[in-house]
Every structure is written in structure tokens, then in C-alpha cells.
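Heads up, the thing below is written out as C-alpha cells.
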Amino acid sequence: MHTYQLDKPDNLVALLEESVTKYPNNLLFGTKNKQGVYEWITYREFGRRVDNLRGGLAQLGVKKGDAVGIIANNRVEWPVASFATYGLGGRYVPMYEAELLSVWKYIIKDSAIKILFVSKPEIYEKIKDFPRDIPTLEKIFIIDSVGAGSMAAVEETGAAHPVPSTRPAPDDIAGLIYTSGTTGEPKGVLLSHANLTSNTLAGIKKYPELNENGRSLVILPWAHSYGQTAELHAIIKLGASMGIAESPATVAGDLAMVKPNWLVAVPRVFNRIYDGLQKKMEDTGGLAKALFDMGVAAAKKKRELAAEGKSCFLTNLKYGIADKIVFSKVREKMGGRLLGCMSGSAAMNPDIAQFFFDIGIPIYDCYGMTETSPAIAMNASYAYRLGSVGQAIDKVKIVIDSSVVQEGATDGEIVCYGPNVMKGYHNKPEQTREVMTDDGGIRTGDRGRLDKDGFLFITGRIKEQFKLENGKFVFPASMEEDICLNPYVQNAVVYGENRPHTICLVVPDFVAVEAYAEKNHLPKDMDVLMEREQITFMISNGITEQLKKKYGGYEIPKKFVFLKDNFTLENGLLTQTMKLKRRVVIDKYKEQIEALYARK
């Protein structure tokens with residue numbers, strides 16, 4: 001087994017308290033009030049609320065090893081409850097507001113939650129009878145409420161009965177994060193204080209440009225390890241600030257108000273910005289489009305020349321003009337202060353990543369999983385390779401196991417070793433044994449390769465790859481990412497296990513298709529439109545031509561099914577982290593798939 005020399009702080013209680021002492025007057029959290037204006041609280045004010053809630057939880061009998069749960073979206077009360085729990089040696093168990101009742105019940109029971117906070121009365125009404133079936137659940141408190149039964153009341157009690165914090169040991173469990181999983185029941189990932197603090201500190205080392213003057217706009221849910229480690233804990237450690245986005249729909253306006261110099265997001269966010277910008281340029285046309293195209297071409301030329309140690313006056317002039325007139329406006333719309341962005345959860349499309357670099361908004365692709373707290377590898381401003389997910393973070397080792405893929409492959413399964421590796425799955429020893437190696441590593445289930453400089457490139461997902469009838473392997477995920485770059489596509493699934501060829505399920509971008517229909521004087525009814533060969537051929541042909549540039553002929557789908565419903569959390573086709581539940585999708589559309597293969 002591996003042992004690791006941990007840096008300090010090695011627990012989350014110390015991480016917060018050191019920052020409260022060092023940066024008491026710095027702004028920490030900003031939230032939008034009813035007038036739509038951001039209001040901010042300081043580290044001192046936040047620390048006081050944590051102290052008060054810790055006292056209140058102690059009065060409720062919370063002690064070392066007890067579980068405190070929360071069902072809430074990102075808000076100040078979320079970390080107030082988490083750090084109050086840590087300060088009593090408790091375990092924090094977050095859940096999403098947009099979740100099935102049965103999943104809440106399973107998590108609360110499995111993790112033996114003792115005290116539960118819920119965001120609003122509507123959620124309380126749904127779960128108020130849970131204690132009848134879950135004897136460990138003693139009390140439920142509502143955040144958006146006052147008086148008895150409210151979180152505010154627990155804080156008031158704590159203010160009158162203060163309790164000093166305890167510093168957990170590095171190996172003590174800080175919390176459980178339940179992976180929604182693409183199949184089966186959720187698994188509670190046991191993450192220790194050392195798991196989370198070591199990952200936070202290693203991440204900060206990758207970005208020396210960030211300091212106490214930093215600011216982010218929180219888009220990712222803290223109920224997932226990515227949002228917790230890369231943003232919540234990292235920002236607190238730095239003494240910096242974060243504005244909490246009101247909702248996914250308000251992100252554009254929130255960026256302009258919060259003016260972040262750092263953004264932690266997923267490729268979907270950047271893809272949407274890119275698609276919107278491309279579409280706007282196409283619609284605007286004229287001089288603006290010409291300047292934009294000139295700037296993109298000049299940026300590419302400038303980059304190529306720089307790689308050879310050269311420069312060109314005319315190229316620099318063209319780029320400078322486009323930058324001043326067009327690119328600066330794009331940066332302004334994103335707040336005007338961005339030093340860079342971190343992207344994880346799925347691989348960034350290299351062309352889109354390069355575009356953002358060229359217009360002055362670098363995006364650093366990173367890689368990890370819930371079970372590794374989550375970061376394993378990260379690109380950085382001083383060590384970046386396009387198309388990769390960066391080099392291993394501090395104290396983490398990456399090994400490529402080629403024994404699990406076909407002979408002759410240059411890649412293999414990514415195995416991770418480090419202080420970031422989970423303690424296991426709660427109450428699931430068998431599943432834990434399946435992923436853990438005998439010497440303390442964890443099998444990620446992802447395929448990858450390391451280049452000579454240690455940059456990691458993701459090549460697929462072990463479980464998602466499939467073999468065609470002819471014995472050739474197909475890795476659908478990267479192909480689906482590329483298909484979704486088509487302006488008329490929202491989502492796509494490539495399938496073909498033991499079949500003669502691949503097919504593709506396509507969810508059209510209904511807004512874009514309607515706009516096309518209006519421009520070409522076609523009926524706007526979506527059901528009618530999706531039956532028209534003019535529309536289906538335009539989309540499918542666009543996909544085929546796009547894929548030909550990058551994929552082998554046997555990989556490219558030969559037939560297409562156009563779906564009328566998107567993949568969402570609500571219909572059970574996406575996980576909470578917006579990952580595709582591939583098997584569920586294939587099962588749901590089994591009839592259409594069979595009909596497609598039966599058709600000559």
C-alpha cells in the first residue's frame with residue numbers, strides 16, 4: 001500500500017478556520033437578492049454562521065461519525081451546514097433538489113442521516129413522513145423558513161450555546177457523495193478530509209495566477225465533488241470570492257454582474273457559448289462576420305508562427321483589429337476579467353478549446369472522477385497540451401493498464417494512485433473490491449494513454465466501447481461529442497454492438513430547426529418538419545461529412561433516428577452530472593433501433 005506525505009491543512013475545518021483568521025474582511029459568497037442584485041458576505045460573517053450552526057447541531061446530539069444531510073441547490077446555507085458538520089467530526093451527505101423521491105429515501109437510509117436540512121417547504125412536505133420508515137432520521141429542518149423547525153432556529157440555539165470545533169484526523173470521513181450512476185442504485189463514495197484537502201491543494205498549485213483577489217461564478221452543483229473541491233474549497237483556501245449563479249438560464253447575465261476572473265464548468269457550457277457565437281456571426285453577416293473570420297484566421301496563423309519562433313506584422317495587425325472590435329466584446333460578455341476557465345466531466349472538443357484560447361479566454365481541460373475527490377490530471381497555464389487532460393496533479397500517479405484492451409493497443413485502462421483515492425463505497429464491499437487494486441489504486445473504467453511528457457489523453461470508456469459484427473471496436477463518446485457540435489443537434493447516441501454497422505439516435509436542436517424552417521418557408525410544426533427528408537438529410541449529411549474528417553468509415557453511422565424528446569434528468573436519461581445513461585437510452589428506443597436495422 002502507498003503512504004503519502006500530506007501538506008497542511010489536512011482537514012476541512014482547519015482549511016476554513018485558517019482563511020477566516022487570515023482574510024476576515026474579504027468577501028466570500030455573493031447571492032442575488034429579490035431585486036436581482038448580488039449581495040456579499042465576508043469570511044468573518046460566514047465563519048460566525050458556521051460556529052452558530054455547529055453549536056445548534058451539538059445541542060441536537062450530533063457527534064463524531066454522525067451523518068448530517070442536505071437537499072438543496074447551491075446557496076450560502078449549504079457550506080454553512082457542511083463546515084458546521086465537519087467541526088463536530090460528522091459526515092456531510094448532500095443531495096440534489098431535482099431528484100426522485102425514491103433516491104432521497106435510499107440515500108437518507110443508506111447513510112443513516114440523523115439531521116436533515118431541506119431548502120424549502122415543498123420538499124419538506126414530500127419527505128416529512130420519512131422518519132417513520134427511517135429510524136435514524138431524527139429531525140428535519142427547513143432553510144427557507146423561520147421559527148421552530150427552521151435552520152435559522154438551529155443557528156439561534158447554537159449562538160446561545162457555543163461549542164468549539166474539533167479538528168478531524170486526515171483519515172476521518174468528511175462526507176458521502178452518492179454517484180447517480182448510469183446503471184443500478186446509487187453508490188455512496190466515502191471521501192476523507194485528506195482526500196478532499198489534498199485534492200484542493202494540488203489543484204491550487206496548478207494555477208499560481210489565482211490568489212485572494214480571485215472571483216468565480218458558481219455554476220456547478222456542490223453536491224458533486226468537482227464543484228466542492230475545484231471551487232468551494234479551493235476558493236476558500238485562497239481567500240477569494242464566489243458569486244452563486246441564480247440558475248443555468250441566468251448564467252449569461254450573472255457573468256456580466258459577478259465579473260469572475262475564473263470559471264469552473266463543463267464542456268456543455270463552453271459548447272453552448274461557442275454555438276451561440278457562431279450562429280450570431282452567421283446571422284449578422286457583413287463586416288462583423290468578415291472581421292470575426294479574419295481574426296480567427298489571424299489567431300491561427302499567429303499561433304503557428306509562434307510555434308516556429310516567428311512573427312508577422314500583418315498577421316498581428318489583423319488579429320489586433322479583430323481583437324479590439326470583435327473578440328473584446330465576447331470577453332466583455334463573459335465579465336471582461338477572465339484569466340482562464342477549468343473544464344471537466346467530459347473532454348473538451350480541441351477545436352472549441354483552441355478557439356477560446358485564440359480569443360483570449362484559455363480553457364484548461366481536466367480529468368477525474370467522484371472516487372478520486374475528483375481531480376487526477378489537470379492542464380495548467382504553464383503546462384498545457386491541446387487535446388489532453390493535462391499531467392497528473394501533485395502526489396498522484398497515473399498508470400496505464402494495457403492488459404484490459406485488445407492486443408496491440410497503445411492505450412489501456414487508467415489506474416490512479418494518490419491521497420485522493422476514496423476510502424471505498426459505503427456498505428458496498430463487493431463493488432469496492434471491483435474497482436480497487438490490491439496496492440491501493442483505483443481502476444477508473446476510462447481508457448487513456450500518456451505521452452512522453454506525462455500528458456494524459458482520454459481515448460474512451462472501457463464499458464461504453466462496443467464491438468461491431470466484424471470485430472472492430474467503436475468508442476462512441478468522443479464521436480457523440482463531435483456530433484453535438486452540429487448546430488442542429490442537441491444530443492446524440494451512437495450504437496452498434498454486434499451489429500453490421502453503427503446507427504445514431506439524434507435529438508435535434510428544435511429552436512435551430514425552427515429558425516431554419518422559417519428562413520426557408522417550411523411549416524413550423526416540429527412533427528411535420530422531422531418527417532421531411534429535406535430536414536433529416538440536412539442534419540444526417542452534415543453529421544456524416546463532419547465525422548469523415550476524423551473517424552474511420554466503419555465507425556460512422558449509416559442510419560439515423562430522429563427523436564422528439566431530449567435526454568433530461570426528469571425522464572431518467574441523464575445523471576445529475578449530465579452524463580448519458582447509455583443503456584437506459586438504448587433500452588427506451590429499442591423498437592426504433594430494431595426497425596432501423598431491419599430496414600434495407
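The chain is numbered in sequence order, starting from 1.
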Verdict with reasoning, T166 to Y86, per side-chain contact (heavy atoms from CB on, under 4.5 Å): CA-CA 8 Å; T166 59; Y86 304 145; over 6 Å; no
Derivation of the side-chain contact (heavy atoms from CB on, under 4.5 Å) call for S198 and D7: CA-CA 7 Å; S198 71; D7 294 334; over 6 Å; no
Please walk me through it: do L88 and K63 pass side-chain contact (heavy atoms from CB on, under 4.5 Å)? CA-CA 6 Å; L88 293 170; K63 55 192 184 303; over 6 Å; no
Apply side-chain contact (heavy atoms from CB on, under 4.5 Å) to the pair V389 and C366, showing each step before the final yes or no. CA-CA 5 Å; V389 289; C366 306; 5.9 Å; no
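N566 and N491 share a donor-acceptor pair across their side chains, judged by distance under 3.5 Å alone. N52 and E156 are not linked by any side-chain donor-acceptor pair at a separation below 3.5 angstrom, with hydrogens and angles left out of the test. When only modelled atom types and interatomic distance are considered, E481 and N349 share no side-chain donor-acceptor pair under 3.5 Å. Using a 3.5 Å distance cut-off with no hydrogens or angles, the side chains of Y226 and E231 do not pair a donor with an acceptor.
The backbone N or O of K114 lies less than 3.5 Å from no partner atom in the side chain of K139, so there is not a single donor-acceptor pair. With hydrogens and angles disregarded, a donor-acceptor distance shorter than 3.5 Å links the side chain of R54 to the backbone of V163. Put simply, the side chain of Q228 gets close to the backbone of W222: a donor and an acceptor are under 3.5 Å apart. Between the side chain of D365 and the main chain of M348, a donor-acceptor pair closer than 3.5 Å is present. Looking at W40, its side chain never comes within 3.5 Å of a backbone N or O of S241 through a donor-acceptor pair. Put simply, the side chain of T372 gets close to the backbone of P374: a donor and an acceptor are under 3.5 Å apart. For N261 (side chain) and R215 (main-chain N/O), a donor-acceptor pair under 3.5 Å exists by modelled atom type. The backbone N or O of P419 lies less than 3.5 Å from a partner atom in the side chain of N195, making a donor-acceptor pair.
Put simply, the residue from L196, T85, D172, L232 that forms a side-chain contact (heavy atoms from CB on, under 4.5 Å) with L12 is L196. Checked against R75 for a side-chain contact (heavy atoms from CB on, under 4.5 Å), the options V80, T31, D144 give a single hit: D144.
Aromatic rings from Y43 and F46 are positioned such that their centres are separated by 6.0 Å or more.
Pairs of residues two or more places apart, or lying in two chains, that qualify as side-chain hydrogen bond (donor to acceptor under 3.5 Å, both in side chains) and include a residue from residues 12-22 are E17-S165, E17-R167.
Annotation: K8, atom NZ; neighbour count of heavy atoms from other residues, nucleotides and ligands within 6.0 Å does not exceed 12. Heavy atoms from other residues, nucleotides or ligands lying under 6.0 Å from NZ of K428 number more than 12. At most 12 non-hydrogen atoms from other residues, nucleotides or ligands lie less than 6.0 angstrom from NZ of K109.
The aromatic rings of Y364 and W262 lie parallel to each other, their planes meeting at an angle below 30°, with 60° marking the opposite boundary. F141 and F117 have tilted rings, their planes meeting at an angle from 30° to 60° on a 0 to 90° scale. Note: Y92 and W78 have perpendicular aromatic rings, judged against thresholds of 30 and 60 degrees for the angle between ring planes.
Taking D110 as the reference, nothing meets the salt bridge (charged side-chain N to carboxylate O under 4.0 Å, His left out) condition, with sequence neighbours excluded. Among residues two or more places apart in sequence or in another chain, the ring pair (Phe, Tyr, Trp, His ring centres under 6.0 Å) test is passed with F130 by none.
Put simply, the side chain of F29 reaches to within 4.5 Å of the side chain of M242, judged on heavy atoms. Taking the side chain as every heavy atom from C-beta outward, Q490 and C484 never approach each other to under 4.5 Å.
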